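Source: prediction; values computed, not measured. Residue numbers begin at 1 in each chain, while the letters A, B, ... track the order of the sequences.
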Amino acid sequence: MSRSQQLYEAMILDHNKKPRNFSVMDPHTHSSHGKNPLCGDDFYVYISCNDTEIEAISFIGQGCAISKSSGSMMTEMLKGLPIQEALELKESFLEMVSTDISPEKKKSLGKLKVFEGVKDFPARVKCAALVWRALEDALGAKSGETSTE
Amino acid sequence: MSRSQQLYEAMILDHNKKPRNFSVMDPHTHSSHGKNPLCGDDFYVYISCNDTEIEAISFIGQGCAISKSSGSMMTEMLKGLPIQEALELKESFLEMVSTDISPEKKKSLGKLKVFEGVKDFPARVKCAALVWRALEDALGAKSGETSTE
Amino acid sequence: MLNPNIRKQFPVLKHIENGHELVYLDNTATTHKPLRVIERMTKFYTHQNATVHRGVYGLSQSATDYCEEARKKVQTFIKAKHEEEIIFVKGTTEAINLVAESFGRFHLKKGQEILITEMEHHANIVPWQQLCIKHGCTLQVAPIKDNGELNLEAWKAGINKNTGLVAFTHVSNALGTTNPVQEMCDFAKAAGVAVLIDGAQAMSHIEVDVQALNCDFYAFSAHKMHGPTGIGVLYGKHELLKIMPPYQTGGDMIDVVTFEKTTFAVPPARFEPGTPAIAEIIGLGETIDFLTEIGLNNIFHHEHTLLNYANIKLKEIKGLRIIGEAKEKNAIVSFVLDDIHPHDAGTILDTEGIAVRVGHHCAQPLMKRLEVPATIRASFSMYNTLEEVDKLVAGIKKIQGIML
Amino acid sequence: MLNPNIRKQFPVLKHIENGHELVYLDNTATTHKPLRVIERMTKFYTHQNATVHRGVYGLSQSATDYCEEARKKVQTFIKAKHEEEIIFVKGTTEAINLVAESFGRFHLKKGQEILITEMEHHANIVPWQQLCIKHGCTLQVAPIKDNGELNLEAWKAGINKNTGLVAFTHVSNALGTTNPVQEMCDFAKAAGVAVLIDGAQAMSHIEVDVQALNCDFYAFSAHKMHGPTGIGVLYGKHELLKIMPPYQTGGDMIDVVTFEKTTFAVPPARFEPGTPAIAEIIGLGETIDFLTEIGLNNIFHHEHTLLNYANIKLKEIKGLRIIGEAKEKNAIVSFVLDDIHPHDAGTILDTEGIAVRVGHHCAQPLMKRLEVPATIRASFSMYNTLEEVDKLVAGIKKIQGIML
Ligand SMILES: Cc1ncc(COP(=O)(O)O)c(C=O)c1O
Ligand SMILES: Cc1ncc(COP(=O)(O)O)c(C=O)c1O
């Protein structure tokens, strides 16, 4: 398997071609716009949550295979999760795509592990991180815009 | 004789210590202010001339040995000279301090030949030239300021 | 084609990227430097280092001479009339900022228009926008055609009695389009309008004759013409430079300073405050010698052979669309692949050792106009080969194999 | 004293000037570069050359990493809190211009005062004068004492409720005076006034801790600290940088560009438009490693041993007067000779292979204050020796022999 095939795992390619939860969600309780002006990645993340839990989540926009599949799998994973857990998952994900992490943490990421290869492509870390940063922003104090540049 | 002794000929040192025609001349028909901001050389040249001839000439100011002795010897040489000849002498002088010139031209410069060594000191050419540039300026269309930087 | 031995002047081409010998096709972003340029700078730093302008001592005098020789080389290279018309700056970006500030502030009046084109690099857009905000001018944008050529008629129609300055690129970095700069200059100058040309992508690829062009300003960067980083040139007509106020101020550009008032030196010193980029200026001079020895015509021919071959080969690939097919082009090919994002393409090419540029190429408005978020761009230089074009084509097929 | 083997890092010191081995005493103008700095840049150009920021390919990624590592090295070296506070510029001159324009335009109000000192370099005078002209501020100048020290009481008295900014030099290039910068910063910050320090002559000679100083801006040039030409640094407090508008505009400092509007990136990118001086930034990083390994304390001790020895030896010469005898000084000695113009002295020293600086040292107002048209200045660095001081003394005697 070549280096690029390691990055572009079958699951990533599948989510890129058929992104899940790929739509505007209106109404929503939280949202954010994440963009990466340098390469043109540009996504909106929509969340509906009650005090503790993410009830629904979707995303829409355009970008590379890494950013789009990252959005698709993020929405799949987070639906129904307690907000606290979602934020922990985000932390672990961001850690995994930029450095080596412990086997336990990796395990907690479930199928998101397919993004492990990203850490060997420093220029692409921000692609994988984009929707997660938008999530962080949406759930954080300010709901607004975010950028990974 | 060392290189620096070649530059600082006895005659130059003498004119530096006892500059001739070193005074303001008032009234005068032409004047110019020549300065070299980088090293602080700063001289005024005053000329009284009729239609064709330099009747009187003086200079005043402060500067290094090369610029001051150049002013002193210039005024000595030019007094009573037809304007045309003065300008020719100026041309020959400026040529001599920056490049090799023909023996005839050199001869025409008389005792100004002591400035020949200047051409081996490119940083000092502008010192030797300063008062001559002021002369050119004074006799030229505009009487005003000149600078060799 | 040029003798392939020329590659020996560029050891970086032997760099191994991901197990493959580097195929460097990002010459539009920056070019590689020949050994003789690197060696010239090393020699200066190692044996000749000193500051310029001020020293009475020999070392400083020589450094000054080297820099002034470099200025003369630039003058000759772009056929400027006076060496005082050559101003050393950081690069194209600074050159354009200098003109926007110094010429713009004092010679453009409120209500006047500045005409640019839809294909400009951000460096030739944003400084004018800022100027417009500060001085109440309006930015006008001439459209391009779908093939990436300037719509020349629309551009001409964009010039009117309110136009204070036109600024356009000689060669588009994103599309490769070579503009009809002579015709544009003739037209603008006939209308009495000041002209700035962004020459970042022209230098070392095509001959430039600023006197024939009759442009007022011409800007370029050394690092894009096989010269060092940190240095570039603003050419300006002497008659303008001499009435323009200084841009940055400080040492070496002054005549007399008192706390009350400062009078400024004549150009080029007026526009070169502070200690210049001495080693880089000397390196640029050496670069020009190098280019002159090879001959711009030979470079042009070599690069266009590559361009033509790439055009043929790339068009054979299904699902590939070339963006920008102007009749007159430099050796730059921008393209997109169906259903594949340029960023993914770039990453996969990198794993094959092929360096291309993907993104908006600092030309976001152009990308918007062309309705693509980004493109993949391959750009060629004197050291590229036909085999490298083949490798690019194979790389693209590999991308499609993985992604589709 | 430092191990004399250090001279091996500086082959230019073996240069033969007029039959004599070079005695380089013009370190205030520019310093020589150690081999390892030169080699680092050569290596980059020869094997690692690529542009930064934008490439998806490995070579460009590495170039970006090298530059960002250099930024971190600068941060550590001057003890800044955040790496975003380090902005790469051309040099001290550009750094001060940037602050005058970007901070000055938007944070200084009409009628406010800018306080400088009588000992400033033109680079720390003229940009403020220009700012005052443009924005209706007033330039105030704090006096110095006859011994070349700042009149600290007068300076403090010069700060009032209208003072918008104080700008002063850390070390005077013309006199060697080291200002009490900590006390000055404490006083100015207590009064709520913004502070810019011109650090051109401090770097590589004394330790700088911008957080302890609590200054808002600190400017310096690499070429004066044994680094390359064409690169320098502006340190700015993040809280200020992040609200300051851009200075120059172009590529790589933008967020989104449309023809209608541009939004700008966060610092440091906002202040670094265009392709940076990549090789020079990397060279600066290597310079800092070099300096850190030698140790600034060791350099300080070495240079001050030379200064003390020079002071003793020069004072023994009849007809020599030292200009500037502040208690706290860097290793810079300015002097004049009775009845001998500094320019003639410089020329004669040059014929002996001794490189000193003569002139006004880009400090015309200071020369006026001291009532000298120019001075002769010898400045010492880590590679100078006691024997070189002896050669200077012998050279001065030779001057007097010829001229008097
Ligand atoms: C005190 C001081 N400030 C500013 C400068 C200007 O530095 P640069 O010419 O590198 O911009 C110098 C150097 O001459 C200096 O000595
Ligand atoms: C057409 C064009 N203009 C301007 C620039 C800016 O040049 P630099 O980054 O060297 O200032 C570039 C380079 O990216 C360019 O391609």
For this session: Please test T249(C) against Q130(D) for side-chain hydrogen bond (donor to acceptor under 3.5 Å, both in side chains), starting from the C-alpha separation and ending with a verdict.
Result: CA-CA 8 Å; T249(C) 55; Q130(D) 294 296 103; 5.7 Å; no
Exercise. Is E272(C) salt-bridged to K90(D), cutoff N-O under 4.0 Å?
Worked result: no
For this session: Examine whether an atom of H47(D) lies under 4.5 Å from a heavy atom of chain C, and if so say whether it belongs to the side chain, the backbone or both; otherwise answer neither.
Result: both
Exercise. Within the distance-only criterion (no hydrogens, no angle test), does the side chain of R377(D) pair as donor or acceptor with the backbone N or O of N173(D) below 3.5 angstrom?
Worked result: yes
Exercise. What part of I116(C) lies closer than 4.5 angstrom to a heavy atom of chain D: side chain, backbone, both or neither?
Worked result: side chain
Exercise. Does the T229(C) side chain pair with the main chain of A279(D), one donor and one acceptor, at a distance under 3.5 Å?
Worked result: yes
Problem set entry | Contact winner vs chain D - I38(C), T31(C), L139(C), heavy-atom pairs under 4.5 Å | I38(C)
Exercise. In terms of heavy-atom proximity below 4.5 Å to chain D, should E120(C) be classed as side chain, backbone, both, or neither?
Worked result: neither
Exercise. When you measure from the side chain of Q364(D) to the backbone N and O of D255(C), does any donor-acceptor pair fall under 3.5 Å?
Worked result: yes
For this session: Could you check whether the rings of F44(C) and Y66(C) sit parallel, tilted or perpendicular, using 30° and 60° as the cut-offs?
Result: perpendicular
Exercise. Does any heavy atom of chain D fall under 4.5 Å from the side chain of A363(C), the backbone, both, or neither of them?
Worked result: neither
Exercise. Pick from L349(D), N124(D), T262(D): which one has the most heavy-atom pairs with chain C under 4.5 Å?
Worked result: T262(D)
Exercise. So how far is it from K224(C) NZ to T92(C) OG1, rounded to the nearest 0.5 Å?
Worked result: 7.0 Å
Exercise. Any idea which of V141(C), I281(C), I133(C) has the most non-hydrogen atom pairs under 4.5 angstrom with chain D?
Worked result: V141(C)
Problem set entry | Proximal component of P276(C), with respect to chain D [non-hydrogen, under 4.5 Å] | backbone
Exercise. Chain D heavy atoms under 4.5 Å from I278(C): which part of the residue, side chain, backbone, both or neither?
Worked result: both
Problem set entry | Contact leader toward chain D among L59(C), T351(C), T258(C), I254(C), where contacts are heavy-atom pairs under 4.5 Å | L59(C)
Problem set entry | Portion of P228(D) that has a non-hydrogen atom of chain C nearer than 4.5 angstrom | both
Exercise. Based on non-hydrogen pairs under 4.5 Å, which of N97(C), T347(C), T93(C), T42(C) is most in contact with chain D?
Worked result: N97(C)
Seminar exercise, completed: With chain D, the option among H343(C), H361(C), E94(C) that has the most non-hydrogen atom pairs under 4.5 Å is E94(C)
Exercise. More than 12 foreign heavy atoms under 6.0 Å from NZ of K14(C): is that the case here?
Worked result: no
Problem set entry | Atom group of E17(C) that falls short of 4.5 Å from chain D, counting heavy atoms | side chain
Problem set entry | Contact origin within V256(C) toward chain D - heavy atom pairs under 4.5 Å | both
Exercise. Mind checking whether H226(D) and Y383(D) have parallel, tilted or perpendicular rings, split at 30° and 60°?
Worked result: perpendicular
Seminar exercise, completed: If you tally heavy-atom pairs under 4.5 Å between each of N18(C), N49(C), I96(C) and chain D, the highest tally belongs to N49(C)
For this session: Determine whether L115(C) and W128(C) make a side-chain contact, defined as any pair of heavy atoms from C-beta on separated by less than 4.5 Å.
Result: no
Problem set entry | Most chain C-contacting option - heavy-atom pairs closer than 4.5 Å, from T46(D), L13(D), V356(D) | T46(D)
Exercise. Where does K43(C) contact chain D at under 4.5 Å (heavy atoms): side chain, backbone, both or neither?
Worked result: neither
Problem set entry | Portion of V257(C) that has a non-hydrogen atom of chain D nearer than 4.5 angstrom | both
For this session: Against chain D, label Q48(C) side chain, backbone, both or neither, depending on which of its atoms sit under 4.5 Å from a heavy atom there.
Result: backbone
For this session: Would you mind checking which part of F10(C) comes under 4.5 Å of any heavy atom in chain D, side chain (CB onward), backbone (N, CA, C, O), both or neither?
Result: neither
For this session: Please state whether the side chain, the backbone, both or neither of R105(C) comes within less than 4.5 Å of a heavy atom of chain D.
Result: side chain
Problem set entry | chain D contact via M253(C) - which portion, at a heavy-atom distance below 4.5 Å | neither
For this session: Determine yes or no for a side-chain-to-main-chain donor-acceptor pair under 3.5 angstrom, with S221(D) supplying the side chain and H223(D) the backbone.
Result: no
For this session: Classify the ring geometry between H32(D) and Y24(D) as parallel (under 30°), tilted (30 to 60°) or perpendicular (over 60°).
Result: tilted
Exercise. Quick one: what part of L22(C) sits under 4.5 Å from any heavy atom of chain D, side chain, backbone, both or neither?
Worked result: side chain
For this session: Return the option, out of P365(D), C132(D), G274(D), with the maximum number of heavy-atom pairs under 4.5 Å with chain C.
Result: P365(D)
Seminar exercise, completed: In T287(C), L35(C), I282(C), the residue satisfying side-chain contact (heavy atoms from CB on, under 4.5 Å) with R40(C) is I282(C)
Exercise. Under the 3.5 angstrom rule, does the side chain of T64(D) hit a backbone N or O of H53(D) as a donor-acceptor pair?
Worked result: yes
Exercise. Taking S102(C) for the side chain and P245(C) for the main chain, is one N or O donor matched with an acceptor at less than 3.5 Å?
Worked result: yes
